[in-house]
Amino acid sequence: MQTFSGLVSVLIVFVWLGGNQVSPLRPICDLRVLEHFVREARDSEVIMRGCRGGCGAMKSYFVPLTSVDFAFWEHIDVHEQAVEVQTGLSLLVQALSTAMKAMSNSRLANALDNNISNIHSLSQILHSLDLQARSTVLPDDSAPTSSQTQEVSSLPELLQVQSSFLRGKVRLLLSAAPACQRQNS
């Protein structure tokens, strides 16, 4: 069921991205798509909190910081914001992929796979808004945390960071995207 939900989410985004509609940017800029991804991350977090066995080995994961220094954020241009968001999304994919590989419960692995698909869809949205980061350098699993990353030690924490990152920095970036600003004028 979770896989079906993930496929439907991805198909909705691709239909919105690829349709020959008069105003193709409207659904891309519509933050309800992002809210759907946030809800799915929260649902996965609830599932992981209820996991008693078969959740895989406990491991530390490097994830993006979710806090936003608004004074700094407003002074950097939208493409610098995009680099930070894309790096964060890449970190989340890396952490979720690592967790999924260690997962022995297929229902839980499907939930993580769905979250990975949602993040890939968000990356496509950023690309369609010309907000794709040009190059993203990721720390490897053994790298010390940088000023833009933090370390978490459980899957529920990882998924909590994912939903916070989506509600925070991703939402701010999409709200400030020039294409979305033109549409709202």
Side-chain angles (χ1 to χ4, degrees), residues 1-14 31-69 81-126 132-133 136-174:
M1 181 65 180
Q2 198 72 358
T3 302
F4 178 74
S5 173
L7 289 173
V8 169
S9 298
V10 171
L11 287 174
I12 288 171
V13 170
F14 284 125
L31 294 177
R32 290 178 291 187
V33 173
L34 180 61
E35 284 304 314
H36 175 76
F37 294 153
V38 169
R39 275 192 308 278
E40 287 195 355
R42 286 182 182 163
D43 291 347
S44 296
E45 179 187 348
V46 169
I47 291 169
M48 295 302 161
R49 287 196 188 281
C51 182
R52 299 290 177 238
C55 291
M58 295 307 291
K59 181 173 171 47
S60 292
Y61 305 99
F62 288 105
V63 294
L65 290 177
T66 58
S67 59
V68 178
D69 177 349
Q81 293 171 355
V83 169
E84 185 170 338
V85 166
Q86 191 63 42
T87 300
L89 292 174
S90 296
L91 283 167
L92 288 168
V93 165
Q94 186 178 59
L96 289 166
S97 295
T98 300
M100 192 174 77
K101 289 175 188 168
M103 191 68 53
S104 58
N105 181 310
S106 63
R107 178 174 174 243
L108 301 175
N110 286 339
L112 293 178
D113 187 48
N114 186 53
N115 282 285
I116 292 168
S117 293
N118 289 346
I119 292 171
H120 286 301
S121 295
L122 282 170
S123 293
Q124 288 296 324
I125 289 170
L126 296 178
Q132 184 78 17
T136 303
V137 178
L138 295 176
D140 64 21
D141 286 340
S142 62
T145 58
S146 75
S147 63
Q148 295 300 315
T149 63
Q150 62 182 326
E151 193 172 358
V152 297
S153 58
S154 72
L155 291 173
E157 283 179 292
L158 168 58
L159 292 160
Q160 183 177 31
V161 166
Q162 178 188 352
S163 63
S164 294
F165 190 77
L166 297 179
R167 284 189 332 257
K169 291 181 180 178
V170 175
R171 175 182 287 282
L172 286 171
L173 177 63
L174 289 175

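Between Leu31 atom CG and Leu166 atom CG the span is 11.5 Å, to the nearest 0.5 Å. Summarising the geometry, atom CZ belonging to Arg167 is positioned 4.5 Å from atom CZ belonging to Arg42; distances are rounded to the nearest 0.5 Å. Rounded to the nearest 0.5 angstrom, Phe37 CZ and Asn114 CG are separated by 8.5 Å. Within the model, atoms CZ of Arg39 and CG of Asn118 stand 11.0 Å from one another, a figure rounded to the nearest 0.5 Å. Annotation: the span from Ser117 atom OG to Leu96 atom CG amounts to 10.5 Å, rounded to 0.5 Å. A distance of 8.5 Å separates OG1 in Thr87 from CD in Gln148, rounded to the nearest 0.5 Å.
In this structure, Leu89 and Phe165 have side chains that are in contact, with non-hydrogen atoms separated by less than 4.5 Å. With a 4.5 Å cut-off on side-chain heavy atoms, Leu158 and Leu92 count as touching. Taking the side chain as every heavy atom from C-beta outward, Leu126 and Gln86 approach each other to under 4.5 Å. Contact check for Leu159 versus Leu112: side-chain heavy atoms found under the 4.5 Å cut-off. Contact check for Leu122 versus Val33: no side-chain heavy atoms found under the 4.5 Å cut-off.
Across all non-hydrogen atoms, the minimal contact from Pro64 to Val161 is O-CG1, 3.6 Å. Closest heavy-atom contact between Ser164 and Thr66: CB-CG2, 3.7 Å. Here the shortest heavy-atom pairing between Val63 and Ala95 reads CG1-CB, 4.3 Å. When all heavy atoms of Leu173 and Ala82 are compared, the pair lying nearest together is CD2-CA, 3.7 Å.
Between the side chain of Lys169 and the backbone N or O of Leu65, at least one donor-acceptor pair lies under 3.5 Å. Side-chain N or O atoms of Gln150 include none that pairs as donor or acceptor with a backbone N or O of Phe62 at under 3.5 Å.
Listed by chain and residue number, nothing satisfies the side chain to side chain donor-acceptor pair (under 3.5 Å) test with Gln160 (two or more places apart in sequence, or in another chain).
For the residue pair Glu40/His36, the side-chain donor-acceptor check at 3.5 Å is satisfied.
Just one residue in the list Met100, Glu45, Arg49, Met48 forms a side chain to side chain contact (heavy atoms under 4.5 Å, CB included) with Leu155, and that residue is Met48.
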